[in-house]
Amino acid sequence: MRIFCQYNPQLDCFLKGLVEYVLDSYGNQLLLDDLEEIELIKDLPGSSDGRVIEGGKKIVLSSRLFSLLPTYEVSELLENINYRLMVNTLYHEMGHVSDMKTMPHIYAVAQNLEKEDQMLPAFFWAEYWAEKRSCSSNIIDYTEYCEDFANREWKSYKFDFCTGAEENFFYLCKTLSYYMGRTTELVMRQKFCAKMKNALLKSFIDSLGSELFMLEEQLPFDDAEKLSNLSRIMNEYRLKFHQTFSP
């Protein structure tokens with residue numbers, strides 16, 4: 001596997017150490033035979049910290065978190081929040097590479113923007129499952145993230161694949177995939193849901209939680225048709241959010 005940063009030799013060396021740490025700590029759980037390259041670049045679109053490209057052959061990481069580190073001495077960073085976020089990001093993206101191997105059909109559907117009804121639940125499931133895996137390793141405490149999510153209004157009546165705003169239902173679903181993956185313990189999820197002022201969002205989360213439980217009972221699978229009920233739920237709430245919050 002080629003691991004590199006073209007624009008900074010010091011970061012190139014640091015990246016190699018980061019990848020080695022993640023592989024040693026979590027790599028035995030993943031199928032990474034198809035992963036050929038990991039590259040650190042300066043920026044990624046949409047403020048993303050990591051992305052899988054080239055059909056699972058390459059991971060690109062943004063320099064955002066790297067620029068926040070006080071040192072490049074790994075021994076001094078093990079408890080640093082930004083280093084731990086980098087570890088979690090890389091593990092999450094490696095999880096996608098592994099899942100592309102075991103769920104190629106679902107990932108193909110998740111990338112097909114021309115069929116929204118099929119794409120959205122496949123995209124949600126892929127992100128949820130990768131996030132649940134990385135969160136199960138307890139690399140990051142996501143209490144602050146969940147607090148922030150619960151305190152937002154989420155009057156999501158619009159729909160597009162680009163806008164990172166609360167008014168966008170697609171962005172809500174994308175964010176929910178992380179929220180659900182980070183609150184797999186029912187008590188924890190109920191604690192944050194109790195703080196939400198948006199009753200429709202609470203109902204949406206309850207419906208998603210029940211369906212995710214049913215889907216996990218059927219694992220492993222690579223049949224997008226199994227996500228048909230997830231699609232129905234999302235379509236139902238997309239309409240409800242539009243009817244409730246559209247000006």
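Side chains are part of it too, since the values below use all heavy atoms of this structure and drop only hydrogens, waters and symmetry mates.
Across all their heavy atoms, C146 and M188 have their closest contact at SG-CE, 4.3 Å. Counting all heavy atoms, side chain and backbone alike, Y83 lies closest to L69 at N-CD2, 3.7 Å. Here the closest non-hydrogen pair linking I106 and A224 is CG1-N, 4.0 Å. When all heavy atoms are compared, the tightest approach of N168 to T163 is ND2-O, 2.7 Å. Shortest non-hydrogen contact noted between M196 and L201 is SD-CD2, 3.8 Å. Across S48 and S62, no two heavy atoms sit closer than the pair O-CB, 3.4 Å.
Within 6.0 Å of atom CD in Q218, more than 12 heavy atoms from other residues, nucleotides or ligands are found, so the atom counts as buried in its surroundings. Counting non-hydrogen atoms of other residues, nucleotides and ligands closer than 6.0 Å to NZ of K195 gives a total above 12.
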**Message:** Between I41 and L61, is the side chain to side chain contact (heavy atoms under 4.5 Å, CB included) condition met? List the steps.
**Reply:** CA-CA 6 Å; I41 62 176; L61 299 174; over 6 Å; no
**Request:** Assess whether side chain to side chain contact (heavy atoms under 4.5 Å, CB included) is satisfied between E167 and K155, documenting all intermediate values.
**Result:** CA-CA 5 Å; E167 292 79 13; K155 297 180 179 180; 5.7 Å; no
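Between V52 and K58, every side-chain heavy-atom pair lies at or beyond the 4.5 Å cut-off. Residues E127 and H96 are in side-chain contact: their nearest non-hydrogen atoms beyond the backbone lie under 4.5 Å apart. The shortest distance between side-chain heavy atoms of D99 and T102 falls below 4.5 Å. Inter-residue side-chain proximity for M100 and D34 is flagged as unmet; no heavy-atom pair is nearer than 4.5 Å. The shortest distance between side-chain heavy atoms of R238 and E116 falls below 4.5 Å. Counting heavy atoms from C-beta on, the side chains of L113 and M119 come closer than 4.5 Å. Taking 4.5 Å as the limit, some side-chain heavy atom of L15 sits within range of a side-chain heavy atom of F66. For the pair R182/K132, no side-chain contact is recorded, criterion being any heavy-atom separation below 4.5 Å from C-beta on.
Of the possible donor and acceptor atoms, one in the side chain of S207 sits under 3.5 Å from a partner among the backbone N and O of S203. Side-chain N or O atoms of N198 include one that pairs as donor or acceptor with a backbone N or O of E153 at under 3.5 Å. Checking side-chain atoms of S98 against main-chain N and O of L31 turns up a donor-acceptor pair under 3.5 Å. Side chain of S25 to main chain of V22: no donor-acceptor pair is present (N/O by atom type, distance under 3.5 Å, no hydrogens or angles). In this structure a side-chain-to-backbone donor-acceptor pair under 3.5 Å is present from S156 to E166. Judged by distance alone, with hydrogens and angles left aside, the side-chain atoms of S210 form a donor-acceptor pair with the main-chain N or O of D206 at under 3.5 Å. T244 contributes a side-chain N or O that, together with a main-chain N or O of K240, makes up a donor-acceptor pair within less than 3.5 Å. Using modelled atom types, no side-chain atom of D12 and backbone atom of N8 make a donor-acceptor pair closer than 3.5 Å. Without hydrogens or angle criteria, S231 side chain to D117 main chain gives a donor-acceptor distance under 3.5 Å. For K16 (side chain) and I3 (main-chain N/O), a donor-acceptor pair under 3.5 Å exists by modelled atom type.
Remark: R64 engages D49 in a side chain to side chain donor-acceptor pair (under 3.5 Å) (not counting sequence neighbours).
For the residue pair R232 and N229, a side-chain donor N or O sits within less than 3.5 Å of a side-chain acceptor on the partner.
One finds the CG atom of L23 at 8.5 Å from the CG atom of L30 (value rounded to the nearest 0.5 Å). Once rounded to the nearest 0.5 Å, the distance linking CD1 of I140 with CE of M86 reads 11.0 Å. For the atom pair OG of S177 and CG of L212, the computed distance is 10.0 Å after rounding to the nearest 0.5 Å.
When the options Y157, F161, F204 are evaluated for a ring-ring contact (aromatic ring centres under 6.0 Å, His included) with F169, the one that passes is F204. Exactly one residue among F149, Y128, Y145, F124 makes a ring-ring contact (aromatic ring centres under 6.0 Å, His included) with Y179. That residue is F149.
Taking the six-membered ring for Trp and the full ring otherwise, the centers of Y91 and Y26 sit less than 6.0 Å from each other.
Salt bridge absent: E36 and R2 never bring a charged side-chain N and a carboxylate O closer than 4.0 Å.
Under the 30°/60° scheme for interplanar angles, the aromatic rings of Y178 and H92 are found to be tilted. Ring geometry for F14 against Y72 counts as tilted: the plane angle lies between 30° and 60°, on a 0 to 90° scale. Using cut-offs of 30° and 60° for the angle between ring planes, the W125 and F221 rings count as parallel.
Annotation: cation-pi geometry satisfied between K42 and Y7 (NZ/CZ under 6.0 angstrom from ring centroid, within 45° of ring axis).
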